[in-house]
Q: 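Handing you this structure, nothing more for now.
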Amino acid sequence: EGLLSMKATHAVTYNGQFSGPLNGAFWPVPEEIRRAINRLEGSEWYAVSLWALPPGKDVDQVPADFPDEYIQTAGRSDRLTVEIREVVNGVSIQQVIGRSTPAESGWETVAWDRFEVPVLKNELLTAADAVNLFLEYYESKQVPTGYNKRPR
């Protein structure tokens with residue numbers, strides 16, 4: 001028993017390359033999520049994805065093309081884009097998440113590693129937004145009130 005027997009229900013992927021279980025072994029899950037997102041600085045640490053593990057599986061038992069559904073963020077902790085990928089009627093849909101405030105006209109750019117992506121002004125998010133979105137996704141696979149989704 002003890003920490004090593006904690007079974008993760010979700011995993012986290014960093015920079016699209018390194019995945020590990022989100023099992024609360026070092027910090028409670030909300031703190032692990034907060035730390036992962038707040039460390040994003042756009043170059044060495046630039047992306048975090050959260051996804052549910054298949055029931056009874058560990059990260060190393062998941063195929064390379066998994067998952068079909070996740071939430072991800074990229075950029076710097078003060079300038080992030082957050083996206084959610086969901087399967088709807090058998091089709092994967094990638095959507096950008098933004099605040100549900102009245103849309104301001106114009107676009108912003110979020111940059112990380114060698115990439116840049118345009119987002120609407122209400123879709124330029126902070127670490128606090130991303131943590132809120134990730135925690136709700138972890139609990140319910142939903143986007144919380146106060147945010148909306150737009151197809152990428």
Q: Where the side chain of Arg76 meets the backbone of Arg39, is there a donor-acceptor pair that is under 3.5 Å apart?
A: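 Flag not set: sc Arg76 to bb Arg39 has no pair under 3.5 Å.
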Q: Rounded to the nearest 0.5 Å, how far does OG of Ser77 lie from CG of Leu40?
A: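 Reported value, rounded in 0.5 Å steps: 7.0 Å.
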Q: Nearest 0.5 Å please: distance from the NE2 atom of His10 over to the CD1 atom of Ile33.
A: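 Going from NE2 on His10 over to CD1 on Ile33, the span is 8.0 Å.
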Q: Examine distances only and state if a side-chain atom of Glu123 and a backbone atom of Leu120 form a donor-acceptor pair shorter than 3.5 Å.
A: yes
Q: Can you tell me how far apart CH2 (Trp112) and OG1 (Thr81) are? Round to the nearest 0.5 Å.
A: 6.0 Å
Q: Hey, is the main chain of Gln72 close enough, under 3.5 Å, to the side chain of Ser49 for a donor-acceptor pair?
A: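 Checked: no pair found.
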Q: On a heavy-atom basis, which atom in Ile97 and which in Leu125 lie closest, and how many Å separate them?
A: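 Residues Ile97 and Leu125, closest heavy atoms: O-CD1, 3.6 Å.
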Q: Strictly distance-based, threshold 3.5 Å: is any side-chain N or O of Gln95 a donor or acceptor partner for the main-chain N or O of Ile84?
A: no
Q: Same cluster or not: are Val12 and Val59 linked, directly or through other Ile, Leu, Val, Met, Phe, Trp or Tyr residues, by side-chain heavy atoms under 4.5 angstrom apart?
A: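 No; tracing contacts between hydrophobic side chains, which count when under 4.5 Å, never links both residues.
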Q: Might you point out which heavy atoms bring Asp78 and Thr126 nearest each other, and give the distance in Å?
A: O-CG2, 4.3 Å
Q: Could you walk me through whether Tyr147 and Asn132 pass side-chain contact (heavy atoms from CB on, under 4.5 Å), step by step?
A: CA-CA 10 Å; Tyr147 296 91; Asn132 187 28; 3.5 Å; yes
Q: Quick one: OH on Tyr138 to CH2 on Trp51, what's the gap to the nearest 0.5 Å?
A: 13.5 Å
Q: Would you sort out whether Ile37 and Thr73 count as a side-chain contact (heavy atoms from CB on, under 4.5 Å), showing the intermediate values?
A: CA-CA 8 Å; Ile37 292 170; Thr73 187; 4.3 Å; yes
Q: Is the shortest side-chain heavy-atom distance between Arg152 and Ile93 below 4.5 Å?
A: no
Q: Does Gln94 form a side-chain contact (heavy atoms from CB on, under 4.5 Å) with Tyr70? I'd like the steps, not just the answer.
A: CA-CA 9 Å; Gln94 189 94 3; Tyr70 53 79; 3.2 Å; yes
Q: For a quick test of reading the model, state the closest non-hydrogen atom pair linking Ala130 to Val82 and the distance between them.
A: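 Shortest heavy-atom contact: CB-CG2, 4.0 Å.
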Q: Taking Val96 as the starting point, is it possible to reach Leu80 by hopping between hydrophobic residues whose side chains are less than 4.5 Å apart?
A: no
Q: Treating Ile, Leu, Val, Met, Phe, Trp and Tyr as nodes and any side-chain heavy-atom pair under 4.5 angstrom as an edge, say whether Phe115 and Leu124 lie in one connected cluster.
A: yes
Q: NZ/Lys141 to CD/Glu86 distance, rounded to the nearest 0.5 angstrom?
A: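 Atom-to-atom, Lys141:NZ and Glu86:CD are 8.0 Å apart.
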Q: Using a 6.0 Å cut-off, check whether atom NZ of Lys121 has over 12 heavy atoms from anything other than its own residue.
A: yes
Q: Donor-acceptor check, side chain of Asn38 to backbone of Arg34, threshold 3.5 angstrom: yes or no?
A: yes
Q: Could you pull out the closest heavy-atom pair between Glu116 and Ala111, with the gap in Å?
A: CG-CB, 3.9 Å
Q: With a 3.5 Å distance limit and no angle check, can you tell me whether Asn15 reaches the backbone of Trp45 through a side-chain donor-acceptor pair?
A: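 A pair under 3.5 Å: no.
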Q: Measure across Asn23 and Ala8 and return the closest heavy-atom pair with its distance rounded to 0.1 Å.
A: CB-CB, 3.8 Å
Q: Could you tell me the separation between the CG atom of Leu50 and the CD1 atom of Ile71, rounded to the nearest 0.5 Å?
A: 7.0 Å
Q: Do the side chain of Glu83 and the main chain of Arg85 share a donor and acceptor less than 3.5 angstrom apart?
A: no
Q: Hey, are the side chains of Pro54 and Val62 touching, using non-hydrogen atoms and a 4.5 Å cut-off?
A: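 Yes. Closest side-chain heavy atoms under 4.5 Å.
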Q: Return yes if some donor-acceptor pair links the side-chain N/O of Asn122 with the main-chain N/O of Gly98 below 3.5 Å, else return no.
A: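 Looks like no, no N/O pair under 3.5 Å.
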Q: Classify the side-chain pair Thr13/Ser19 by whether it contains a donor and acceptor separated by less than 3.5 Å.
A: yes
Q: For residues Val48 and Tyr14, report the shortest heavy-atom separation together with the two atoms involved.
A: CG2-CD2, 4.1 Å
Q: For the backbone of Leu133 and the side chain of Glu136, can you confirm whether one donor and one acceptor N or O come within less than 3.5 Å of each other?
A: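 Looks like no, no N/O pair under 3.5 Å.
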Q: Given Trp27 and Arg35, is the side-chain contact (heavy atoms from CB on, under 4.5 Å) satisfied, shown in steps?
A: CA-CA 9 Å; Trp27 300 284; Arg35 286 174 179 261; 3.3 Å; yes
